[in-house]
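Presented below is the structure to which this report refers.
All chains are named by letter (A, B, ...) in the order of the sequence lines, taking the proteins before the strands, and each is independently numbered beginning at 1.
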Number of protein chains: 2
Amino acid sequence: MARPKAIENRIELIIEAADELFARYGYERTSVEDIARHLNIGKGSIYLDFPTKEEILITILRRHAQRMHEFMEKKVESSSRSPLKTLQEMMEESVTMVFDIVTRDIHTPEALLHTSIQMKSRCSDFFARKRALILKLLVKAAAAGEISKSKANEDVALALMMGTSALFPPYYNNYFETTSKITKADLSKRATVLIKTLISGLKKADY
Amino acid sequence: MARPKAIENRIELIIEAADELFARYGYERTSVEDIARHLNIGKGSIYLDFPTKEEILITILRRHAQRMHEFMEKKVESSSRSPLKTLQEMMEESVTMVFDIVTRDIHTPEALLHTSIQMKSRCSDFFARKRALILKLLVKAAAAGEISKSKANEDVALALMMGTSALFPPYYNNYFETTSKITKADLSKRATVLIKTLISGLKKADY
DNA sequence: TTATTGACCAAAACCGACGATTAGTCAATA
DNA sequence: TATTGACTAATCGTCGGTTTTGGTCAATAA
């Protein structure tokens, strides 16, 4: 007689517990045993579902990225405004959204997705999908006659992401003389001016 | 009878020697005594001219920044093209210029100005002056009727610097899925698309 | 028979003391 | 009075010993 599973949705429980503990104590400072203890299961059980500790984190991050992307996608789908206006809104919104996530609690796994270079590269399709979303809006805008067709391509989408990358963590300072942390109001204002200029630049006739 | 100075232009000599040694061995790995030995003077003499070792480095960096700025300024002054076109050229050129400096030899003090966050903030007026130069061209462009007057201001100048900051070291990747180092050709291409979009965005009517 | 466990292992992290290096000082010297 | 180099205090890197912890697997429980 086969032994029945004691815990049904163990994977989910592990992710949930890890998410909470990582957020509270940080990834490095919570051990796999901590997670197991928190769930009253053996440490070995965790390794039945995840090959490594890091994989737990990656899974959490991917889910967060997925949620964030779905949110943006839904927003884009449901928008009745002009494609270009929607693009502008989407870009501005993602700036403040990420800022909020990062400033709320830097230790949270969600914040890690935006602050850790390594995690970024492990979840790199997050950027690829964002770029795809931008491209989609560019194509729409071209179809609507808002921009020239020649601008609805990968290169322009990438340029938009590069151009706005200074608006995301780690908020690298290649342009400003202060070292102090940027405030939300300030970031928001800068984002508006920059994104407007970029969007406006798309509208022009072909170069 | 006062003792006559043994070395006339000691400050210059120290800067010269430090520049060479820093470039060869790196700032950390060359001691003040190395510099003194290289010039056959006592270590104490160096502290007659410079309060700290770091101040020697800062002096070198400031000079480099000064040279670089003068080069840009001259270029801008002598350009007979339209102010906006000149701005575009200047921005594109500074991208490749910095790339060359950084890739030639990462240990060189000149490279440090562009790669070390700390050094950047110590030479922060480098960025302020670049921004001033951009603003100057914006004002010119407005006077020439190329852009609206309302866009010839500090905020727009800052937006341009933020928008292009991804084109400078440390080449932070908030937009791309590869982790590999960027090539000059690729950087150059990305710079062109991005800067053209930004410049084009300025031309548009008021937002 | 199979899901689960926790003792076990090796490797990495941590610690703290010791020794070496070096930025910066200052009384002695030219 | 310009210059020096021995001196000091603090930092840095090293190294052994100790602890922690990610990951394994034979034993156990159902």
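Atoms CD (Glu54(B)) and C1' (dG24(C)) sit 14 Å apart, rounded to a whole Å. Arg10(B) places its CZ atom 9 Å from the P atom of dA2(D), with the value rounded to the nearest Å. Distance, Ile11(A) CD1 to dT4(C) P: 11 Å, rounded to whole Å. When the P atom of dT4(C) is taken as reference, atom CG of Leu13(A) falls 12 Å away, rounded to whole Å. Per the geometry, OH belonging to Tyr47(B) stands 16 Å off P belonging to dA6(D), to the nearest Å. The nearest whole Å value for the distance from the CG atom in Asp49(A) to the C1' atom in dG23(D) is 15 Å. Atom CD1 in Ile46(B) sits roughly 14 Å away from atom P in dT22(C) (whole-Å rounding). For the pair Lys53(A) NZ and dT20(D) P, the computed distance is 15 Å after rounding to whole Å.
Taking the six-membered ring where the residue is Trp, Tyr172(B) and Tyr172(A) present tilted rings, their angle falling between 30° and 60°.
Among the atoms of the strands shown, none is found under 4.0 Å from any heavy atom of Arg37(A).
Taking the salt bridge (Lys or Arg N to Asp or Glu O under 4.0 Å) definition, one finds that Lys140(B) meets it with nothing, sequence neighbours left out.
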Identify all side-chain donor-acceptor contacts of residues 37-48 of chain A below 3.5 Å with residues at least two apart in sequence or on another chain.
{"unit_1": "Arg37(A)", "atom_1": "NH2", "unit_2": "Asp34(A)", "atom_2": "OD1", "d": "2.6"}

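Distance alone, capped at 3.5 Å, is enough to place a donor-acceptor pair between the Ser78(B) side chain and the Lys75(B) backbone.
For the pair Leu61(A)/Arg122(A), no side-chain contact is recorded, criterion being any heavy-atom separation below 4.5 Å from C-beta on.
Checked by distance alone, Lys43(B) brings a side-chain donor or acceptor within 3.5 Å of a matching partner on the base of dG24(C).
If you check dA30(C) for Watson-Crick or wobble pairing at under 3.5 angstrom, you find it paired to dT1(D).
Only at 4.0 angstrom or more do the heavy atoms of residues 15-36 of chain A sit from any atom of DNA chain C, so none qualifies.
Judged purely by distance below 3.5 Å, without hydrogens or angles, the side chains of Gln66(B) and Arg129(B) pair a donor atom with an acceptor atom.
Screening Leu194(B), Thr164(B), Leu137(B) for a side-chain contact (heavy atoms from CB on, under 4.5 Å) with Met91(B), the sole residue that qualifies is Thr164(B).
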